[in-house]
Amino acid sequence: MTVAISRLYFLYVYKNAARPALLIAAVAVAQFVVSLDISVVNVALPAIRADLGFGPSGLQWVVDIYALVLGGFLLLGGRLGDRFGHRSLFLSGLALFALASLGGGLANTPQMLVVARAVQGLGAAAMTPAALAVLSTAFPAGPARARALGIWGAMGGIGGAAGVVLGGVLTEFAGWRWVMFVNIPVVVVGIALVSAAVPRDRHSVHQRSLDLPGAVLVTGGLGFLVLGVVRTHDVGWLSMETLGALLAAVVLLTAFVAVERRTAEPLVRFGLLARREVAAANIFAFLLFGGQFAAFYFVSLYLQTVLGYSAVATGLAFLPFSAGLIAGTVVATRLAGRRPLRMVLTVGGLIAAAGFGWFGLINADGSILVDVLGPIVVTSVGLGLCLAPLAGAATAGAPPEDAGTAAALVNSSRQIGGSIGLAVLSTVAAVRTGEVRAPESLTAGFALGLTLSAVLLLLAVTAALTLLPRTGPTSPARRPDTSTPGGRP
């Protein structure tokens, strides 16, 4: 009898000790696969065009539709998690993502692939805020939460860098369809981890109304905003298509604000943005990822069009980014609770800005060691320092019923900031390059875009210095949820 009781006690302790680690792993897997699919198809685009017969302007939709749907539906995904439960939406988003990846890998027409990418965006918009909300409610403020958020943020950066590498390797050695199929085993692991580690949703989450008018308006407004921006690559900023989409975005988002101010249960409580930490996190995320997305774009083109590297070699050149990102994240998590968020974000932002500024010194006869590997390590360390405190500030003080919305807000800022930053800076770089496509003129355009990426980071640092408190870590306005892993005192 004593032996049996001892075994049961051991299993209980083991399960409760392992569950927080499994929960972090589940969220890390989700963040990895969402970020992976932002970049994994880029290198495969020529092979996709040759196989499925895409037209000159249609191929870009393989990339754009994912960003469009993800950016447009993030806020709705956050509120659905608050309404029906984060665990339920987490699992649903993972399952939908896996099915869409299977459909994309089996696509035999351009239309089928574009639809599959759109459904992938829906799955990502469901699981991304749900995953961050799970972390913010499962771990109390302090080192435990900082470590969890650091891993979550690092996996986003690693997923984006891994996408470039995997896209080239899989396309060259297995075929472009495997850039879609590769998601399936990863998502299956994620579903198993969520099922084992994330506590079941409470019944109380079902009592809130959904605010359908607000959901429709904000989803449409963000969708038109992302659509208008990403299409500037093909049609320009002053085209009727671009101006019409941006005007529709302004109208719908203005109507959304008016509706939310009159709704008893709004989709977004504007009081969240009144919190200085939340406002600073969203501004910082918008500017940070605007600079990062654009910089990755310019460096990839510089390596291939100026230095003459292959797609696989270009992907491999980004591997040091993952190492630097992990190093920066480790340092940031060790500083959690010891140094103010303001200080960590400022130092990280300045280091990342220095890396982007170093990138801006590229020249047409440069070397990969000095012009790419050096600045990519500096940049990645700075970004790693930013990601954990950024996520912590984004959810600081949000009550449990708004955790998904707060998570969705910062992820919307990341996605929309990245899309707008890439579109604006690539346009500026193209103007600087001009009609001559010689290596020198191309490098001049890339260098200008990378320098402006550094300027965006400096603006992000200014926002952190202005809005975040000078001393002390973030002080959440709510007590930790002690019913979930890591939430016990």
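Source: prediction; values computed, not measured. Sequential numbering from 1 along the given sequence is applied to the chain's residues.
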Original post:
Relative to each other, are the rings of Phe298 and Phe446 parallel, tilted or perpendicular (30° and 60° limits)?
Top reply: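 Ring orientation of Phe298 relative to Phe446: tilted.
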Original post:
Would you call the rings of Phe296 and Phe321 parallel, tilted or perpendicular if under 30° counts as parallel and over 60° as perpendicular?
Top reply: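 Because their plane-to-plane angle is over 60°, the rings of Phe296 and Phe321 count as perpendicular.
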Test: side-chain hydrogen bond (donor to acceptor under 3.5 Å, both in side chains). Region: [range]. Which pairs qualify, not counting sequence neighbours?
| range | answer |
| --- | --- |
| residues 244-254 | none |
| residues 379-391 | none |
| residues 177-190 | Asp37-Asn183, Asp51-Arg177, Ser101-Asn183 |

Between [Y] and [X], is there a side-chain heavy-atom distance shorter than 4.5 Å?
| X | Y | value |
| --- | --- | --- |
| Ile362 | Val372 | no |
| Leu166 | Val179 | no |
| Asp371 | Trp358 | no |
| Val119 | Leu96 | yes |
| Asn108 | Met112 | yes |
| Ile283 | Phe286 | no |
| Val189 | Leu193 | yes |
| Leu253 | Leu217 | no |

If every non-hydrogen atom of [X] is compared with every non-hydrogen atom of [Y], which pair is closest and at what distance?
| X | Y | result |
| --- | --- | --- |
| Leu288 | Cys386 | CD2-CB, 4.4 Å |
| Ser453 | Ala295 | OG-N, 4.0 Å |
| Ala124 | Pro129 | O-CD, 4.3 Å |
| Pro320 | Leu373 | CG-CD2, 3.9 Å |
| Gly357 | Ala454 | N-CB, 3.6 Å |
| Leu89 | Gly77 | CD2-O, 3.0 Å |

Subject >> Residue pair Leu425, Leu456: steps toward the side chain to side chain contact (heavy atoms under 4.5 Å, CB included) verdict >> reply: CA-CA 10 Å; Leu425 296 189; Leu456 291 182; 4.1 Å; yes
Original post:
Could you walk me through whether Leu457 and Val461 pass the side chain to side chain contact (heavy atoms under 4.5 Å, CB included) check?
Top reply: CA-CA 6 Å; Leu457 264 295; Val461 168; 5.7 Å; no
Selection [range] - residue pairs positive for salt bridge (charged side-chain N to carboxylate O under 4.0 Å, His left out), sequence neighbours left out:
| range | answer |
| --- | --- |
| residues 300-324 | none |
| residues 280-293 | none |
| residues 297-307 | none |

Spatial distance of atom [atom1] ([X]) from atom [atom2] ([Y]) [nearest 0.5 Å]:
| X | Y | atom1 | atom2 | result |
| --- | --- | --- | --- | --- |
| Leu390 | Phe284 | CG | CZ | 6.5 Å |
| Leu458 | Leu452 | CG | CG | 11.0 Å |
| Phe293 | Arg414 | CZ | CZ | 7.5 Å |
| Ser92 | Met127 | OG | CE | 11.5 Å |
| Leu106 | Phe181 | CG | CZ | 4.5 Å |
| Arg432 | Leu442 | CZ | CG | 12.5 Å |

Subject >> Residues Thr128, Gln31; criterion side chain to side chain contact (heavy atoms under 4.5 Å, CB included); working and verdict >> reply: CA-CA 7 Å; Thr128 300; Gln31 182 67 2; 4.2 Å; yes
Subject >> Phe224 vs Leu252, side chain to side chain contact (heavy atoms under 4.5 Å, CB included): CA-CA, chis, key distance, verdict >> reply: CA-CA 9 Å; Phe224 274 113; Leu252 290 173; 3.6 Å; yes
**OP:** Output yes when a side-chain donor or acceptor of Arg87 lies under 3.5 Å from a complementary backbone atom of Ser195, and no otherwise.
**Re:**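 Such a contact is found between Arg87 side chain and Ser195 backbone.
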Original post:
Is the backbone of Val62 close enough, under 3.5 Å, to the side chain of Arg117 for a donor and an acceptor to pair up by distance?
Top reply: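 Side chain of Arg117 to backbone of Val62, a donor-acceptor pair under 3.5 Å: yes, one is there.
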**OP:** Assess whether atom CZ of Phe32 is packed by more than 12 heavy atoms of other residues, nucleotides or ligands within 6.0 Å.
**Re:**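 Atom CZ in Phe32 is crowded, with more than 12 foreign heavy atoms closer than 6.0 Å.
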